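Worksheet: one structure, shown below.
Owing to the predicted nature of the structure, the values given are computational and were not obtained by experimental measurement.
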Amino acid sequence: MSACATPTRLSPTAIAHTLTLAGPEADSDELPTYVTCELDPHDTAQNHAAHLVFLPDDTEGKAVWLLWNGKRALTQLKGPRLECDQGDAEEICTLYVDHPHGHAWRSTRNY
Ligand SMILES: [Zn+2]
Ligand SMILES: [Zn+2]
């Protein structure tokens with residue numbers, strides 16, 4: 001499966017919001033400068049989405065995601081998609097809880 005992969009640069013505002021959401025333990029050095037959309041290819045009305053950073057000390061897998069569309073961008077705290085159907089127990093969907101489109105399977109198997 002190929003992703004949308006539209007790139008964007010993290011703005012200073014988005015970085016500030018991300019660090020606010022992630023809390024004082026978050027390390028700004030861990031934030032990416034550029035991200036690419038991790039969703040399946042989609043139409044232009046749909047926001048792009050990219051994972052930014054996991055919450056430090058959070059055991060539920062919550063993470064800050066960047067959603068953007070053109071020049072509009074927002075950061076949101078999102079849980080993992082635990083209820084995604086797993087076709088194979090060794091595959092996990094790495095997208096957030098209410099993600100649209102197809103799953104982003106990351107197989108842990110070595111081919
Ligand atoms: Zn996209
Ligand atoms: Zn999924």
Side-chain angles (χ1 to χ4, degrees):
M1 184 184 74
S2 61
C4 164
T6 298
T8 194
R9 187 176 183 278
L10 218 53
S11 71
T13 307
I15 291 171
H17 286 168
T18 300
L19 293 175
T20 301
L21 287 171
E25 301 294 313
D27 184 354
S28 60
D29 291 341
E30 285 182 23
L31 290 181
T33 307
Y34 289 91
V35 291
T36 56
C37 179
E38 298 175 35
L39 301 177
D40 274 3
H42 54 86
D43 66 49
T44 52
Q46 169 74 49
N47 285 337
H48 301 292
H51 173 271
L52 294 179
V53 67
F54 285 107
L55 288 203
D57 303 327
D58 179 76
T59 54
E60 296 172 13
K62 288 203 203 79
V64 181
W65 286 75
L66 182 73
L67 306 180
W68 77 97
N69 198 334
K71 293 195 182 306
R72 289 183 298 112
L74 72 155
T75 48
Q76 281 191 351
L77 197 55
K78 289 180 174 294
R81 176 75 183 250
L82 295 177
E83 70 273 32
C84 274
D85 286 332
Q86 300 192 1
D88 184 307
E90 295 178 35
E91 292 177 320
I92 57 167
C93 175
T94 56
L95 294 175
Y96 53 87
V97 61
D98 52 353
H99 75 80
H101 308 294
H103 304 296
W105 301 121
R106 300 284 190 276
S107 179
T108 55
R109 229 174 318 173
N110 293 319
Y111 287 98

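- In plain terms, the two heavy atoms of Pro80 and Val97 that are nearest each other are O-CB, 3.8 Å.
- When hydrophobic clusters are built by joining Ile, Leu, Val, Met, Phe, Trp and Tyr residues whose side-chain heavy atoms come closer than 4.5 Å, directly or via intermediates, Leu77 is not grouped with Leu95.
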Exercise. For Val35 and Trp68, what are the C-alpha separation, side-chain angles and deciding distance, and is it a side-chain contact (heavy atoms from CB on, under 4.5 Å)?
Worked result: CA-CA 11 Å; Val35 291; Trp68 77 97; 4.3 Å; yes

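- Within the structure, the side-chain hydrogen bond (donor to acceptor under 3.5 Å, both in side chains) test picks out no pair touching residues 19-35 (sequence neighbours left out).
- Looking only at distances, no side-chain donor or acceptor of Asn69 sits under 3.5 Å from a matching main-chain atom of Arg72.
- Cluster membership check: Ile15 does not share its hydrophobic cluster with Leu74, using side-chain heavy-atom separations under 4.5 Å among Ile, Leu, Val, Met, Phe, Trp and Tyr.
- Partners of Asp98 by salt bridge (charged side-chain N to carboxylate O under 4.0 Å, His left out), not counting sequence neighbours, listed by chain and number: Lys78.
- For His17, the side-chain contact (heavy atoms from CB on, under 4.5 Å) partners at least two apart in sequence or on another chain are Thr13, Thr75.
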Exercise. Run the side-chain contact (heavy atoms from CB on, under 4.5 Å) check on Trp65 and Glu38 step by step: do they pass?
Worked result: CA-CA 11 Å; Trp65 286 75; Glu38 298 175 35; 3.8 Å; yes

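- Atom CG of residue Leu66 and atom SG of residue Cys37 lie 10.0 Å apart, to the nearest 0.5 angstrom.
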Would you tabulate the side-chain donor-acceptor contacts of residues 41-56 under 3.5 Å, counting partners in other chains and residues two or more places apart, or write 'none'?
residue	atom	partner	partner atom	Å
His42	NE2	His48	ND1	3.0
Asp43	OD1	Ala45	N	3.0
Asp43	OD1	Gln46	N	3.4

